[in-house]
2 protein chains.
Amino acid sequence: MSATIYDVADEAKVSMATVSRVVNGNPNVKPATRKKVLNAIEKLDYRPNAVARGLASKKTTTVGVIIPDISSIFFSELARGIEDIATMYKYNIILCNSDKNKNKEIHLLNTLMEKQVDGILFMGGEITEEHVEHMRSSSIPIVLAATYHEDAEFPSVNIDYAQAAFDAVDYLAKKGHARIGMVTGTLEDPVNGYQKFKGYKQALAENNVPFDESLISVCDYTYDSAIESVQDFVTLENKPTAIFSATDEMALGVIHGLQDRGLRIPDDVEVVGFDNTRLATMVRPTLTTVVQPMYDIGAVSMRLLTKFMDNEMIEEQNVVLPHQIEYRNTTTHQEIVKE
Amino acid sequence: MSATIYDVADEAKVSMATVSRVVNGNPNVKPATRKKVLNAIEKLDYRPNAVARGLASKKTTTVGVIIPDISSIFFSELARGIEDIATMYKYNIILCNSDKNKNKEIHLLNTLMEKQVDGILFMGGEITEEHVEHMRSSSIPIVLAATYHEDAEFPSVNIDYAQAAFDAVDYLAKKGHARIGMVTGTLEDPVNGYQKFKGYKQALAENNVPFDESLISVCDYTYDSAIESVQDFVTLENKPTAIFSATDEMALGVIHGLQDRGLRIPDDVEVVGFDNTRLATMVRPTLTTVVQPMYDIGAVSMRLLTKFMDNEMIEEQNVVLPHQIEYRNTTTHQEIVKE
DNA sequence: CTGAAAGCGCTAACAG
DNA sequence: CTGTTAGCGCTTTCAG
């Protein structure tokens, strides 16, 4: 077994309390004593046991992160923002994939609480009453990242999804498009479905463009599903001349589905994506898309969580980050972006 | 504070040992007693404290994962394989980004050991003598995933990188290409540099194609750096007619760099990538690439780690997974792949 | 500035 | 089948 604080105390001929003090940087130790202890630590290759420390101090310096799918290009970017800030504040991260599955989410919430994490960062789909119950059942701070909750009961970091979608569709409508298609995730998804769809409809309304249900294609967030959706659009009597996609990955599917059928982008159809993942510049033509600052959402939400964990003052617990549209080459009439 | 095992014992009028037994599914408890305890647990909303359990049992059921960059499409896929299997075996994961930085890697190794993780999964660049020292300094099992170590001292899961690169380049050479370019990461990188480069050179040699240094472009793994590398190729007196890229992302850069200059793929230049990330089917033309089973490498390495942690028998501690080439449309003379 | 002592909440013998 | 009793390794008063 490896050395304990007792072994070090013996070796240095001091009490364990003193060893604890030097390990924790407590200034109330005479330099000479500190040195003796440091030598003993070195000699025994002593490493403090964080589990014992956690039990005694009730802090684990670990936070739980519940994320739908770390292999998604969107969430992995978010996760990086989270981890970077966590590291900066000396926290480690327990990462859990939920697939936006309610039972898994609740199970993970409980597991993380059992592990005594100091806080939880939650990314998910819908927040149900049951979620809320479990989240309340412990006093540890929880912040929602890129996850919408009606009641704003929990701290959160988001962009204004409805407004962002509105901006994208409004831009298309103002260019004269009267047939604007939308590729979306399930409408039950508060963010990628409902909020963005709401923005879409409102933009149509404000531009006096009639809403047409046949222009809406509900996909499952994958590239392939979006490719297939093109089939529906293309067989329409009255085809769309522009398409707004709820995510970049689906936008790529739309672009390639269109191109595979000989349509030209942006000449025949203009396309606008959402998120500005790295994918957006890795297609030809490069994708015009709504910028959602993924890394920042992760970073800011983790920072917010540290404030709760360290009992700092919180100015605003529901942060809304700015969004914007990045104009690239799947839309026309803009200065051509060079790659 | 939340309820402890004592509170439950009092409530159920049994001893804490009995509570511990029912919580841990020990069969030596009379059904009636079990029921009493379960009721008390329910009533008090008791949740076992995993930290205390970890201290007493010396098992934390969490494993540390050191990964270069979770936001990379390659590593995030690996991470998903790791997490899925970890979940299956009831382990949680502490995820840490290292950026392949030696000091960070060593620091993380120590932090994870302090946190008493039951095992560590390590993905990185070069394994130096210093790494080895720190890894040995504790008796917890460590397995390397997608990370090459000469001495095979530590258990590992990989594919045969040199052979895989050989296969790709051999295929190109056998098609008659005499000018085959290579886009690579730094040659110091054992996997993405050295091993793949070695395979490349050997394939040239065996096909009597002379090696030409001007055909090698050292990039930094990014899409943009690969786009730039095209400039070097294109200004060559004797341009390459095929390019082998050490990663898919760089292959996309090559493809687009070439296309942006009016070259046609695969007619003017054939391109072969490496990894078969999701990117490979998200380009036009779709990318011919070496399949590295990322998810499986993650899953298998985690499974291997569980065997060490649970003291199961290990047949082979250095696993080499099979690779293959997925023929798509950046190369010719193959059955055309439909999307 | 340093030491003694009481837990933190749980597991794991060991009795009975 | 159930209870008692030591710890696990560290933090944290409280004295001195």
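We name chains A, B, ... by the order of the sequence lines, and we start the count at 1 in each one. Computation of the quantities below employed the complete heavy-atom set of this structure, encompassing side-chain atoms and omitting hydrogens, waters and symmetry-equivalent molecules.
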Whole angstrom is fine here: how far is it from [atom1] in [X] over to [atom2] in [N]?
X: B:Arg53; N: D:dG7; atom1: CZ; atom2: P; value: 22 Å
X: A:Lys13; N: C:dT2; atom1: NZ; atom2: C1'; value: 16 Å
X: B:Leu55; N: D:dC10; atom1: CG; atom2: P; value: 9 Å
X: B:Met16; N: D:dT2; atom1: CE; atom2: P; value: 16 Å
X: A:Glu114; N: C:dC10; atom1: CD; atom2: P; value: 10 Å
X: B:Lys36; N: D:dT2; atom1: NZ; atom2: P; value: 8 Å
X: A:Ile5; N: D:dC10; atom1: CD1; atom2: P; value: 5 Å
X: A:Ile41; N: D:dC10; atom1: CD1; atom2: C1'; value: 13 Å

- Item | Pairs satisfying salt bridge (Lys or Arg N to Asp or Glu O under 4.0 Å), at least one member in residues 125-135 of chain B, at least two apart | B:Lys102-B:Glu130

- Task: Would you please test B:Lys100 and B:Asp189 for salt bridge (Lys or Arg N to Asp or Glu O under 4.0 Å) and show each step?
- Result: CA-CA 10 Å; B:Lys100 291 194 185 179; B:Asp189 184 323; 3.0 Å; yes

- Please indicate whether B:Glu316 has more than 12 foreign heavy atoms, meaning atoms of other residues, nucleotides or ligands, lying under 6.0 Å from its CD. yes

[N] OP1/OP2 closer than 4.0 Å to side-chain N/O of [X]:
X: B:Lys58; N: C:dA12; value: no
X: A:Thr18; N: C:dT2; value: no
X: B:Tyr46; N: C:dC10; value: yes
X: B:Ser15; N: D:dG3; value: yes

- Note on the structure: What residues 19-33 of chain A contributes to the DNA chain D interface at heavy-atom separation below 4.0 Å is A:Ser20, A:Asn24

- Compare all side-chain heavy atoms of A:Leu38 with those of A:Glu42 and state whether any distance is below 4.5 angstrom.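 Of all side-chain heavy-atom pairs linking A:Glu42 with A:Leu38, none is under 4.5 Å.
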
- Task: Using a 4.5 Å cut-off on heavy atoms from C-beta on, say whether the side chain of A:Val65 contacts that of A:Ile94.
- Result: no

- Task: Please work out if B:Val14 contacts a base, only the sugar-phosphate, or nothing of the nucleic acid, heavy-atom cut-off 4.0 Å.
- Result: sugar-phosphate

- Message: Using a strict threshold of under 4.0 Å (side-chain N to carboxylate O), is an ion pair present between A:Arg136 and A:Glu153?
- Response: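 A:Arg136 and A:Glu153: salt-bridged.
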
- Ion pair B:Asp7/B:Lys43, N-O distance below 4.0 Å: no

